[in-house]
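See structure below.
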Amino acid sequence: MPWRIGPAERAAGARPDPYRVWLSEVMLQQTTVAAVRDYFRRFTARWPDVAALAAAEDAEVMAEWAGLGYYARARNLLKCARVVAGEHGGRFPASRDGLLKLPGIGPYTAAAIAAIAYDEAATVVDGNVERVIARLRHVETPLPSAKPALTDLAAELTPQDRPGDHAQAMMDLGATICTPRNPACSLCPLEGFCAARAAGVQAELPRKVPKAQKPTRFGIAYLGRRVDGAWLLERRPDKGLLGGMLGWPGSDWGAAPLPAPPVAADWRALGGEVRHTFTHFHLRLSVMLAELPAGVTPERGYFVPRDTFRPADLPTVMRKAYDLAQSGLAEN
DNA sequence: AAAACGTGGTC
DNA sequence: TGACCAAGTTT
């Protein structure tokens, strides 16, 4: 993985770059390695250090983050970079407790950066570690109630020597061997020590309280294309769902009353709809399309010229609406 | 302290 | 198709 340094570099006394550790750990929050890899490469190529990132335009960073999800992470990433650049002389705090004060850095990320970049014997507990510990120590208490006990048990295993390697080994074990389903116990170096394995219940742990069913919400998106090819978009407010991202003007999502279009035009409904599932609800989005005249002034949003507009700058649900419109246009 | 907050892969 | 899951944080 591009954010790790090799054993040879380590042996030569090199330490991982705290900026790269921080960036990778924030990207990896609730997100898989496969999804993160290319984003990490693009971010570090474009903004090689925290000073460069702190100086970036908000819209550029949000566009580069588009598609990765949990957009509060990108907003906090910028806040954090600017605090580090402006108030800490461009250097990250070198302790777990110092890191914990920064925006977007919680208990997991603070401990991970402290252990990996600064060799602090901090206990790193993510979803992988919770699972490994719940099995190793046969903890039957369901999550999330079990979290404090699992953290205590994990702390008992945290070594003073090479805590960063220990943390990454625990997480890698959870990601590759001690997986949620069908754990590969026969390949596990801890098999002989695993209490859940001895009891034959390893695949059932950790137990979890069932999650509530997701409701379905409905909405409408208006995709306005000016005759010169510019698209009518708007910047979403910084708080809330898809905060700070570009999107199509549209209705609220819920028990949606039909809203007024952003500009008077000959809107036509596209066949089909966009289906998208967020963390806590399903969305079914109807898409309206219109061609707008040259001099029109919209009540919402602003026109993004054709040569500037990139669908990849949109959050996924908005890109799906664009894709549907493209297929609708292609039929004409 | 419960709820909000994205997305893509998997079974 | 759909529920579950992934290197959590914020309010």
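Side chains included, hydrogens not; waters and symmetry mates left out as well; all remaining heavy atoms used. In what follows, chains carry the letters A, B, and so on, assigned in the order in which the sequence lines appear, proteins first and then strands, with residues in each chain numbered from 1.
Hydrophobic clustering (side-chain heavy atoms under 4.5 Å, transitive across Ile, Leu, Val, Met, Phe, Trp, Tyr) groups A/L102 together with A/I113.
Of the charged side-chain nitrogens involved, none lies within less than 4.0 Å of a carboxylate oxygen, so that A/E87 and A/R82 do not count as a salt-bridged pair.
Of the listed nucleotides (C/dT11, B/dG6, C/dA6), B/dG6 has the atom at the smallest distance from the side chain of A/T279. Comparing atom distances between the A/P107 side chain and each of B/dT7, C/dT9, B/dC11 picks out C/dT9 as nearest. Of the candidates C/dG8, C/dT10, B/dT7, the closest approach to any side-chain atom of A/V317 belongs to B/dT7. Among the nucleotides B/dT7, B/dC11, C/dG8, the one closest to any side-chain atom of A/R181 is B/dC11. Across C/dA6, C/dA3, C/dG8, the shortest atom-to-atom separation from the side chain of A/H282 is found for C/dA3. Considering only the side chain of A/K211, C/dC5 comes nearest among C/dA6, B/dT7, C/dC5. Residue A/H280 has its side chain nearest to B/dA4 when only B/dA4, C/dA6, B/dG6 are considered. Listed candidates were B/dG6, B/dC11, C/dA6. Nearest to the side chain of A/Y71 is B/dG6. Relative to the side chain of A/Q29, the nucleotides C/dG8, C/dC5, B/dG6 differ in distance, and C/dG8 lies closest.
Using a 4.0 Å heavy-atom criterion, one finds that A/G174 contacts no nucleic acid atom at all. Contacts of A/G243 with the nucleic acid, taken as non-hydrogen atoms under 4.0 Å apart, are absent. As judged by a 4.0 angstrom heavy-atom cut-off over every strand, A/K147 is placed among residues making no nucleic acid contact.
If A/L28 and A/P103 are placed on DNA chain C by their nearest nucleotide, the residue sitting closer to the 5' end is A/L28. In this structure, A/V129 and A/I105 both approach DNA chain C, and ranking their closest nucleotides by distance from the 5' end singles out A/V129. Each of A/T32 and A/F281 lies near DNA chain B, and the nucleotide nearest A/F281 is the one positioned closer to the 5' end.
For A/T31 and B/dG6, a side-chain-to-base donor-acceptor distance below 3.5 Å is present, hydrogens and geometry of angles not being considered. Residue-to-nucleotide contacts include no donor-acceptor pair under 3.5 Å from the side chain of A/Y108 to the base of C/dG8.
The side chain of A/T316 places no N or O atom within less than 4.0 Å of a non-bridging phosphate oxygen (OP1 or OP2) of B/dG6. Regarding contacts with the backbone of C/dT9, a side-chain N or O of A/T109 is found under 4.0 angstrom from either OP1 or OP2. Between A/R131 and C/dA6 there is a side-chain polar atom (N or O) within less than 4.0 angstrom of OP1 or OP2. For A/H276 and B/dT7, the shortest distance from a side-chain N or O to OP1 or OP2 is below 4.0 Å.
At whole-Å resolution of the value, NZ in A/K320 and P in B/dG8 are 7 Å apart. Per the geometry, NZ belonging to A/K79 stands 12 Å off C1' belonging to C/dT9, to the nearest Å. Between A/R73 atom CZ and B/dG6 atom P the separation is 9 Å, expressed in whole Å. The nearest whole Å value for the distance from the CG atom in A/L68 to the C1' atom in B/dC5 is 13 Å. Straight-line distance from the NZ atom of A/K208 to the P atom of C/dA3: 17 Å, rounded to whole Å. Here the C1' atom of nucleotide C/dT10 and the CG atom of A/L100 are 12 Å apart, to the nearest Å. Rounded to whole Å, the distance from CZ on A/F278 to P on B/dG6 is 8 Å. The CG-C1' distance, from A/L241 to C/dT10, rounds to 15 Å in whole Å.
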Q: Go through A/R46 and A/E60 one step at a time and tell me if the salt bridge (Lys or Arg N to Asp or Glu O under 4.0 Å) criterion holds.
A: CA-CA 10 Å; A/R46 190 165 177 182; A/E60 296 297 311; 2.4 Å; yes
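Judged by the 6.0 Å distance and 45° axis criteria, A/R319 is not positioned over the aromatic ring of A/Y322.
Rounded to whole Å, the P atom of C/dT11 lies 13 Å from the corresponding atom of B/dG6.
Under the 4.5 Å side-chain criterion, counting only non-hydrogen atoms from C-beta, A/C188 is in contact with A/L173. A 4.5 Å side-chain heavy-atom check between A/F281 and A/H276 finds every atom pair outside the cut-off.
A side-chain donor from one of A/Q29 and A/T109 sits under 3.5 Å from a side-chain acceptor of the other.
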